[in-house]
Amino acid sequence: MTMTTRREAMALISGALASTTLSGRAFAEGAPKKGGTLRISAPANPSSLDPATGGAGSDHAFLFTMYDTLTEWEFDTLKPKPGLAESWKFTDPTTLVLNIRAGVTFHDGTPLDAEAVKFNLERNRSDAKSNIKADLLSVAAVEVTGPQQVTLKLKTPDTALPGILSDRAGMMVSPTALKAAEGGVVTRKPVGAGAYSFVSWADGEKIVVKRNEKYWKPERPLPDAIEISIIPELTTGARSVTAGQNDLIYQLPPRQKVIIERASSVKVVHGPTLYVLQIFLNWAKPPFDNLKVRQALNFAIDRESFVKAALAGLAEPAYMNLPKAHWAYDAEVAKLYPYDPDRARKLLAEAGFKEGTPIELGGYPDQDSVQRQEILIEQLRKAGIGVRFVNAPIAEASAAFFGAEKKGAGLLSAWTGRPDPSLTYSLMFTKDAYYNGGRAPVPAELEAAIKESRASEDIDTRRKAFSTVQRLVMENAFVAPLAFQFELVAMNKKVQGYRPNLLGKPKYDDVWLGS
């Protein structure tokens, strides 16, 4: 695929990002300068600070500060670009050569060379504790072919790998630290090669990182440190920014936008993202082991009303796992589940599902999550579906549903998006994927279509494959997508250089603090 072809294919996404709005009062930005501590309000405690073992998509906001990735992505298109791998090339359809940047060290001073990259990739794809094995299923072998060169031998062609290596699978951890760590994990003692090194983690309260003085990017990072306060109640987090206790809050609920813009010291940035609110389903467990019940659930949801009531209209109704702006979006698939409670009732009757039988779903206890639950309970009730939510903090509820416990038939949560859409589908809709809550089988043709989406670099070929993938996922109703939430970030006037991105997960590459 040529650079020109890719740019053309991404034009729709770029256009969407061009509408990103900086609202509130204008604040002049001068020349970037070093110094100061960036104070952030985060909505959730991380599940782990080890990129291979964590289970929550919200972890990325912490991981990106401490771990650099083999590839990175452009903020507006998610197109892969060089990172720790300064270049890469498919020398044939099943061979990917990565040239690793020279002179980079981990925070413990050990070299980030080809051997360290091989160690990480082997761990990520085969360690029993790894939750990201599905990311690297196409890799047959990892070979060191030079002091700073790694060659991946693939089982099948996989053109999604450069994008995949900009996510957890490409986050490099110090092998020395891993070998010395208890249980072979760095859950609470992370050692990466990112812009910031770990200082402390007060569980459920605060995470502190400091500038990596030997970071390979010139003049980066700019702040001396970042302090991330865990404030699950987003109204409280927003208030901490308007009061000056924190400098920035991300994942701000839409209902807060009008309120927070009234503060004279605050500016708000928002833009489209891949972040989709959805109900994850365990299709290995009753009642969602019945296709007609899963389909009924999708027909029973009024997504337009949900967006208005739960997200103040700052979202796009979701009928699949890709938004309209995405190059692989399929408008025909989006027509599969119009709001139709009568059809939902008919399907339930055909399935032998007794009307009103309670279905236990997992959820989160914060104000916005509870409001969404109340809206869904009422919508589903109109179609004869009774739902009871059992709430727990994000990390706990996610582990209960996706982990060994397999608690609940579904989980109202969010899929935070991935740089390449094939990763989204393989992580949720292949048999042994972590986010397939029941580790239940899927149609062979779906797994084949996911592989096909990664077989070519031609964007039109990939688009056709994704049409098949999306159709099979939604015809089988393996998920109940609700809405693509816009990124909404509020910050005080000291914060300069922040840019939103299509992934919707904050990065602070060019952020600095003014006076």
Side-chain angles (χ1 to χ4, degrees), residues 12-13 15-17 19-21 57 251-257 270-281 294-344 347 361 363 368-383 385 387 410-418 421 424-425 428-429 466-467 469-488 500 502-504:
L12 192 56
I13 290 179
L17 257 289
S19 66
T20 297
T21 302
Q251 289 187 3
L252 191 68
R255 60 182 168 78
Q256 284 288 329
K257 180 176 180 289
H270 62 81
T273 75
L274 302 180
Y275 184 101
V276 58
L277 295 166
Q278 64 183 34
I279 304 175
F280 290 83
L281 304 178
R294 300 197 302 269
Q295 291 175 331
L297 182 74
N298 273 282
F299 279 118
I301 297 168
D302 184 347
R303 292 165 172 84
E304 298 279 352
S305 295
F306 180 85
V307 165
K308 292 175 183 175
L311 298 161
L314 279 176
E316 174 190 324
Y319 296 90
M320 67 189 80
N321 287 100
L322 295 175
K324 291 179 180 178
H326 200 282
W327 58 269
Y329 174 81
D330 189 314
E332 292 303 309
V333 173
K335 298 175 183 177
L336 286 175
Y337 295 104
Y339 176 50
D340 193 338
D342 291 335
R343 189 167 180 186
L347 285 165
L361 300 179
D368 293 281
S369 293
V370 171
Q371 182 193 26
R372 293 166 195 152
Q373 293 166 21
E374 291 171 348
I375 293 167
L376 288 170
I377 287 171
E378 180 59 21
Q379 288 191 0
L380 296 173
R381 183 190 63 78
K382 292 177 180 177
I385 302 174
V387 170
L411 175 69
L412 174 57
S413 183
W415 180 252
T416 55
R418 293 296 186 272
T424 282
Y425 287 102
M428 284 193 285
F429 308 116
F466 281 120
S467 292
V469 170
Q470 293 171 90
R471 177 179 56 79
L472 288 169
V473 167
M474 294 313 300
E475 283 180 349
N476 285 280
F478 287 134
V479 66
L482 302 171
F484 292 98
Q485 184 171 302
F486 288 178
E487 178 178 14
L488 195 56
L502 188 60
L503 198 61

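This is a predicted model, so every value here is computed, not measured.
For the atom pair Asn476 CG and Leu281 CG, the distance stands at 11.5 Å (nearest 0.5 Å). To the nearest 0.5 angstrom, Asp340 atom CG is 13.0 Å from Ile301 atom CD1. The distance from the CZ atom of Arg418 to the CE atom of Met428 is 8.5 Å, given to the nearest 0.5 Å. Separating the OG1 atom in Thr416 from the CD atom in Gln251 is a distance of 8.5 Å, to the nearest 0.5 Å.
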Only pairs under 3.5 Å count here: list side-chain donor-acceptor contacts from residues 478-487, not counting sequence neighbours, and write none if there are none.
residue, atom, partner, partner atom, Å
Gln485, OE1, Arg372, NH2, 3.4
Glu487, OE1, Asn501, N, 3.2
Glu487, OE2, Tyr498, OH, 2.6

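Formation of a donor-acceptor pair under 3.5 Å by the Arg294 side chain with backbone atoms of Ala477 is found in this model. A donor-acceptor distance shorter than 3.5 angstrom exists from the side chain of Tyr337 to the backbone of Met474, with no hydrogens or angles considered. Of the possible donor and acceptor atoms, none in the side chain of Arg303 sits under 3.5 Å from a partner among the backbone N and O of Pro317.
For the side-chain hydrogen bond (donor to acceptor under 3.5 Å, both in side chains) test, residues two or more places apart in sequence or in another chain that qualify with Arg471 are Glu475. For Tyr339, the ring pair (Phe, Tyr, Trp, His ring centres under 6.0 Å) criterion is met by no residue, not counting sequence neighbours. With sequence neighbours excluded, no residue forms a salt bridge (charged side-chain N to carboxylate O under 4.0 Å, His left out) with Glu374. The side-chain hydrogen bond (donor to acceptor under 3.5 Å, both in side chains) search around Gln379 returns none, not counting sequence neighbours. Residues satisfying the side chain to side chain contact (heavy atoms under 4.5 Å, CB included) test with Ala328, not counting sequence neighbours, are Leu322, His326, Phe466. Partners of Gln256 under the side-chain hydrogen bond (donor to acceptor under 3.5 Å, both in side chains) rule, at least two apart in sequence or in another chain, are Thr235. Residues that satisfy the ring pair (Phe, Tyr, Trp, His ring centres under 6.0 Å) test with Phe280, not counting sequence neighbours, are Phe402. Judged as a side-chain hydrogen bond (donor to acceptor under 3.5 Å, both in side chains), and not counting sequence neighbours, the contacts of Ser467 are Asp330. The salt bridge (charged side-chain N to carboxylate O under 4.0 Å, His left out) check on Glu304 picks up nothing, with sequence neighbours excluded.
Residues in residues 271-280 take part in these side chain to side chain donor-acceptor pair (under 3.5 Å) pairs, two or more places apart or across chains: Gln278-Asn321.
Nearest heavy-atom pair, Ala383 versus Ala300, reported as atom, atom and distance to 0.1 Å: CB-CB, 3.5 Å. Across Trp415 and Thr424, no two heavy atoms sit closer than the pair NE1-OG1, 2.9 Å. Of all heavy-atom pairs between Pro323 and Leu274, the closest is CD-CD2, 3.7 Å. Nearest heavy atoms, Ala414 versus Leu277: CB-CD2, 4.0 Å.
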Inset, instruction - Assess whether side-chain contact (heavy atoms from CB on, under 4.5 Å) is satisfied between Leu412 and Gln373, documenting all intermediate values. - result: CA-CA 8 Å; Leu412 174 57; Gln373 293 166 21; 3.7 Å; yes
Inset, instruction - Decide yes or no on side-chain contact (heavy atoms from CB on, under 4.5 Å) for Tyr319 and Lys335, but give the supporting numbers first. - result: CA-CA 8 Å; Tyr319 296 90; Lys335 298 175 183 177; over 6 Å; no
Inset, instruction - Apply side-chain contact (heavy atoms from CB on, under 4.5 Å) to Lys257 and Leu488, showing your working. - result: CA-CA 8 Å; Lys257 180 176 180 289; Leu488 195 56; 4.0 Å; yes
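You'll find the side chain of Leu297 reaches within 4.5 Å of the side chain of Leu380, heavy atoms only. Looking at heavy atoms from C-beta onward, Leu361 lies out of side-chain contact with Leu376 at the 4.5 angstrom threshold. Here the side chains of Phe306 and Leu311 are in contact, with some heavy-atom distance below 4.5 Å.
A salt bridge links Arg255 with Asp368; the closest basic N to acidic carboxylate O contact falls under 4.0 Å.
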